[in-house]
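Letters A, B, ... are given to chains in the order of the sequence lines, protein chains preceding strands, and every chain is numbered from 1.
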2 protein chains.
Amino acid sequence: MGPLDSYLPYLLNRAGARIATAFSAEMRPLGATLQAWRVLAALRERDGRRMGGLAETTAIEVSTLTRLVDNMESEGLVARRRAPGDARAVTLHATAAGRRLTQRILPIAERYERVALAGFSAKEAEALKVALRRLYANMAALRP
Amino acid sequence: MGPLDSYLPYLLNRAGARIATAFSAEMRPLGATLQAWRVLAALRERDGRRMGGLAETTAIEVSTLTRLVDNMESEGLVARRRAPGDARAVTLHATAAGRRLTQRILPIAERYERVALAGFSAKEAEALKVALRRLYANMAALRP
DNA sequence: GGCTGTTATTTGTAAATGCAAATAATTGGC
DNA sequence: GCCAATTATTTGCATTTACAAATAACAGCC
């Protein structure tokens, strides 16, 4: 293996960590966290998801998610309901307060997208996204 | 903001998390961790780095790194030395055992690079790396 | 040479994380 | 309809993590 900064997982993690750290710092004054935002964003896209599905799309471990949702629930941002037709499953729903918080975070998220992609042409940005989706799919190969 | 999976920080994190989880699982039987590997890889590239620089290149928080290095040191993988010319600073050095472990991990790391980039042409792979470096540089803009 | 402010690392502490085990409920045979 | 195997979520527990404060040593200025 050559220099570290030609190693893809390294580049990926390094960029991801930098965005995550900066974004987390922005969340703090709002009393939110990056992970909570992920959950809210996922629910904004489709409300009433199950814990398992939510874990999958947010890339948060289910047991971690359980406790994160505990907190968010006690803060009144989301509510758990029993899934209709399957009493094992739980569906998660954003509350009005949750949706309000989502609206406050959205412009910040949009700014991050812009800053991250500053200097990229539309074509380059799209190519990067396509590549990241592909890479994600590739990694499914050696999953547990 | 549109669908989640057109949001760049999301794509980045999701891909990164998947690689990290899978790679961590591979490290376990070796008695290593992903973070320890990052340190070893950074030392392989240049031994005798300082803690601060190491934190920077590995994207591990310095206080986290201190304790990670404590562990690695007690496992005999690395050794701290006082930096010559500056008694505040510490330089970190891989031991023979550390280098042996590095050699065992290298082929795994190389496999991950291959799997992640499966189906990418050399040109596409390089474009992705360039984009990730650029993105990383862009994010320096709104750092603490 | 002795302050003053800065830099490098560590430590205190509370919260987040992840694996494994536990719990609860479904499904598919039979 | 009952049992075994599977699926969805939660809990137990030990580790990792990050922010902030503490410590230690340097650098420049007078």
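- Using a 30° and 60° split on the angle between ring planes, B/Y7 and A/W37 fall in the perpendicular class, above 60°.
- In this structure, B/R67 reaches the bases: a heavy-atom distance under 4.0 Å links it to at least one base atom across the strands shown.
- In this structure, CD of B/E61 is placed 18 Å from P of C/dA14, rounded to the nearest angstrom.
- For D/dT16, one of the phosphate oxygens OP1 or OP2 lies less than 4.0 angstrom from a side-chain nitrogen or oxygen of B/N71.
- Atom CZ in A/R81 sits about 15 Å away from atom P in D/dT9, given to the nearest Å.
- Atom-to-atom, CD1 of B/I60 to C1' of C/dT10 comes out at 16 Å; the value is rounded to the nearest Å.
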After noting the C-alpha distance and the side-chain angles of B/R49 and B/E56, does the key distance pass the salt bridge (charged side-chain N to carboxylate O under 4.0 Å, His left out) rule?
CA-CA 11 Å; B/R49 286 170 186 265; B/E56 179 69 23; over 6 Å; no
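- Checked by distance alone, A/R88 brings no side-chain donor or acceptor within 3.5 Å of a matching partner on the base of D/dT9.
- One can place CG of B/L68 at 15 Å from P of C/dT9, the figure rounded to the nearest angstrom.
- Nearest to the side chain of B/V62, among C/dT10, D/dA8, D/dC26, sits C/dT10.
- Between the side chain of B/R28 and the base of C/dG18, no donor-acceptor pair under 3.5 Å is found.
- Taking five base pairs at each end of the helix from C/dG1-D/dC30 to C/dC30-D/dG1, the local helix axes there meet at an angle of 20°, rounded to 10°.
- Atom CG in B/L65 sits roughly 12 Å away from atom C1' in D/dT17 (whole-Å rounding).
- Each of C/dT11, D/dT10, D/dC26 was ranked by its minimum atom distance to the side chain of B/D86; first place goes to D/dC26.
- One can place CG of A/L54 at 13 Å from C1' of D/dA8, the figure rounded to the nearest angstrom.
- When all heavy atoms are compared, the tightest approach of A/L4 to B/A42 is CD1-CA, 3.9 Å.
- Each of A/G52 and A/S24 was matched to the nucleotide of DNA chain D holding its nearest heavy atom; the match closer to the 5' end belongs to A/G52.
- If you take CZ of A/R82 and P of C/dA24, they are 11 Å apart, rounded to a whole angstrom.
- Look at CZ on B/R80: it is 12 Å from C1' on C/dA8, rounded to the nearest Å.
- Heavy-atom nearest nucleotides on DNA chain D were determined for A/A25 and for A/R49, and the one closer to the 5' end corresponds to A/R49.
- A/A116 and A/I19 get closest at one heavy-atom pair: CB-CD1, 4.2 Å.
- Distance alone, capped at 3.5 Å, is enough to place a donor-acceptor pair between the B/R133 side chain and the A/D5 backbone.
- The stretch residues 34-46 of chain A touches DNA chain C through A/Q35, each having a heavy atom within less than 4.0 Å of the strand.
- Contact check, A/T64 against C/dT17: no side-chain N or O comes under 4.0 Å of OP1 or OP2.
- Neither A/V62 nor A/M51 shares a network with the other; the hydrophobic side chains, linked directly or stepwise wherever heavy atoms of I, L, V, M, F, W or Y lie under 4.5 Å apart, form separate groups for each.
- The backbone N or O of A/A87 sits less than 3.5 Å from a side-chain atom of A/R82, completing a donor-acceptor pair.
- Smallest separation of non-hydrogen atoms from A/N13 and B/T58: ND2-O, 4.3 Å.
- Within the 4.5 Å cutoff, the side chain of A/L43 has no heavy atoms near those of the A/T102 side chain.
- Across D/dT9, C/dA8, C/dT11, the shortest atom-to-atom separation from the side chain of B/S63 is found for C/dT11.
- Contact annotation: the side chain of A/T64 never approaches that of A/Q35 to less than 4.5 Å [non-hydrogen atoms, C-beta and beyond].
- Closest-nucleotide positions on DNA chain C for A/T33 and B/M51 were compared, and the one nearer the 5' end corresponds to B/M51.
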